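Fair warning: this is a prediction, and the values are worked out from it, not measured in the lab. Letters go in sequence order (proteins before strands), and every chain restarts at 1.
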Number of protein chains: 2
Amino acid sequence: MPEDVIQTYTRADEAFDCLQTAIVKGDLAPGEKIGEVELCSRFNLTRGPLREALGRLESRGLLVRRPHAGVKVVSVSTDELMELYRIREVMEGLAARQAAERMTDDEITALHTTLDAHEAMIEQAHGQAYYQAEGDYDFHHRIATGSRNAKLAQMLLGDLYYMVRMYRYRLSTASGRPHMALGEHRRIVEAIAQRDGELAEFLMKRHINAARRNIERKIAEGGLTI
Amino acid sequence: MPEDVIQTYTRADEAFDCLQTAIVKGDLAPGEKIGEVELCSRFNLTRGPLREALGRLESRGLLVRRPHAGVKVVSVSTDELMELYRIREVMEGLAARQAAERMTDDEITALHTTLDAHEAMIEQAHGQAYYQAEGDYDFHHRIATGSRNAKLAQMLLGDLYYMVRMYRYRLSTASGRPHMALGEHRRIVEAIAQRDGELAEFLMKRHINAARRNIERKIAEGGLTI
DNA sequence: AAAGTCACTATTGTTGACAAAATATGCCTG
DNA sequence: CAGGCATATTTTGTCAACAATAGTGACTTT
């Protein structure tokens with residue numbers, strides 16, 4: 001029997017997942033103060049497991065909690081979102097470098113396949129930004145796990161991506177430059193396939209930097225307000 | 001009244017702090033399976049707040065929890081410790097760059113003062129590795145907060161440093177190269193004072209890389225076993 | 001009339017008891 | 001004698017009642 005398989009989903013895990021997706025999807029608006037009992041009735045939970053989940057969410061930075069004053073979903077300014085991208089830049093750069101050094105050939109093949117699927121997705125779903133965002137997430141997810149750096153993957157997948165995705169939903173994938181992003185993805189995978197870690201790191205950093213500037217520009221143009 | 005001041009320390013906060021320091025100091029050995037009731041009696045707590053704290057610790061990666069099977073302190077291999085240093089390298093590099101761009105003049109003055117204090121400390125306490133480690137922590141702490149990147153500081157101070165410190169205690173500051181480290185620190189501060197972000201990033205990355213290789217060497221030489 | 005204080009209410013923090021699950025032990029069987 | 005199954009015990013997960021705190025509203029006082 002595998003060790004890391006979770007046999008039973010505890011109520012606390014359930015609460016954690018429910019709340020996390022609710023926050024990411026925007027069902028719980030940022031800044032909104034929300035009582036524990038209301039959350040309980042909304043997700044059919046009891047306060048014990050709920051409080052445990054709240055603690056986890058808090059330490060992940062998705063909500064803030066003031067003693068005796070309730071919890072509220074964290075509201076991130078555009079400046080803070082830009083800071084998140086700066087962190088992603090260096091961390092995912094490292095992930096790409098280590099992935100180039102350590103990914104198995106099978107994983108690299110899977111990466112190619114993934115990109116092909118994304119290309120098809122982009123052709124079909126013109127403007128279906130949501131699915132493109134999911135594809136993008138899938139790509140970065142594979143690189144993070146491919147780095148064989150457990151802590152790095154945990155920090156990227158467990159912390160940063162949730163916060164970024166939270167804004168992706170609201171901005172409805174501000175990226176909006178699917179073809180260009182796909183090309184950049186292809187180049188990164190190429191570098192990884194050639195086991196050129198240095199190049200993979202450079203390309204990944206530039207890729208995320210471009211995504212950040214793109215969002216920044218869109219926000220500056222008006223329209224996009226968080 | 002400041003907003004972010006915590007008026008009341010809840011039992012859960014207390015539990016969190018107690019457990020965290022116990023883990024960092026090694027009072028709770030890695031890999032050791034430990035029951036909830038034992039923890040309660042040991043820290044004069046009740047199970048409710050304790051469980052909340054356990055959840056937080058788990059999501060920070062300091063302990064692992066299997067449903068119905070108890071918690072155990074995470075045990076990190078030397079390989080994983082090296083991976084932590086790789087993450088530190090890129091993240092603290094970013095922190096140094098942003099600190100160079102954003103620190104106030106007062107903060108930079110304080111940095112200089114800190115380094116002077118470290119120098120005096122090294123002269124006096126020959127071989128008192130523990131205090132040197134604390135000084136090192138102080139330096140990196142100031143850079144992290146000086147970056148004005150809240151999430152970056154949170155990830156460094158709230159996640160990585162605790163895990164690194166956990167091993168510092170066991171290795172009794174494997175660094176063991178206080179003078180060299182101090183010189184590197186001075187150069188980094190110099191770059192920050194000149195507002196040269198690029199240089200500060202480069203020097204910080206090299207500094208952490210050197211620390212990593214130093215530990216690696218010491219471990220390879222034998223003696224140091226985790 | 002305005003401001004400050006006091007009491008009240010609603011919400012959170014805490015506690016101890018109860019239920020469910022996993023591990024360990026002992027018995028039975030092959 | 002060894003291996004597997006069933007049971008028992010220990011430990012965790014869950015729940016509901018209790019206590020404490022902060023926010024709110026009304027009342028008094030200046």
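A straight line from NZ of A/Lys33 to P of D/dA22 spans 14 Å, rounded to a whole angstrom. Rounded to whole angstrom, the span from the CZ atom of A/Arg66 across to the P atom of D/dA20 amounts to 22 Å. Computed from coordinates, the A/Arg11 CZ to C/dA20 C1' distance equals 12 Å when rounded to whole Å. In this structure, the NE2 atom of B/His68 is 13 Å from the C1' atom of D/dT10, given to the nearest Å. Following rounding to the nearest Å, B/Glu58 (CD) and D/dT12 (P) show an atom-to-atom distance of 14 Å. To the nearest angstrom, C1' of D/dT14 lies 10 Å from CD of A/Glu52. Rounded to whole Å, the distance from CD1 on A/Ile34 to P on C/dT11 is 12 Å. Here the C1' atom of nucleotide D/dG13 and the CG atom of B/Leu54 are 13 Å apart, to the nearest Å.
Across the interface with DNA chain D, nearest-nucleotide mapping of A/Ala69 and A/Ala12 shows A/Ala12 to be the residue nearer the 5′ end.
For B/Arg51 and D/dT12, the shortest distance from a side-chain N or O to OP1 or OP2 is not below 4.0 Å.
Considering CG of A/Leu63 and CD of A/Glu32, their distance stands at 12.0 Å, rounded to 0.5 Å.
Ion pairing between a basic and an acidic side chain is recognised when a charged N comes within 4.0 Å of a carboxylate O; A/Glu107 and A/Arg148 show such pairing. Ion pairing between A/Asp105 and A/Arg195 holds under the 4.0 Å rule for side-chain N and carboxylate O. The pair A/Asp13-B/Arg65 fails the salt-bridge criterion, with no side-chain N (NZ, NE, NH1 or NH2) lying under 4.0 Å from an Asp/Glu carboxylate O.
Residues that satisfy the ring-ring contact (aromatic ring centres under 6.0 Å, His included) test with A/Phe139, not counting sequence neighbours, are A/His185. With sequence neighbours left out, B/Ala100 forms a side chain to side chain contact (heavy atoms under 4.5 Å, CB included) with B/Ile192, B/Ala200.
Between the side chain of B/Glu80 and the backbone N or O of B/Ser77 there is at least one donor-acceptor pair closer than 3.5 Å.
For the segment residues 38-49 of chain A, residues with any heavy atom less than 4.0 angstrom from an atom of DNA chain C are, sorted by number, A/Arg47.
Each of C/dT14, D/dT14, D/dG13 was ranked by its minimum atom distance to the side chain of B/Arg65; first place goes to D/dG13.
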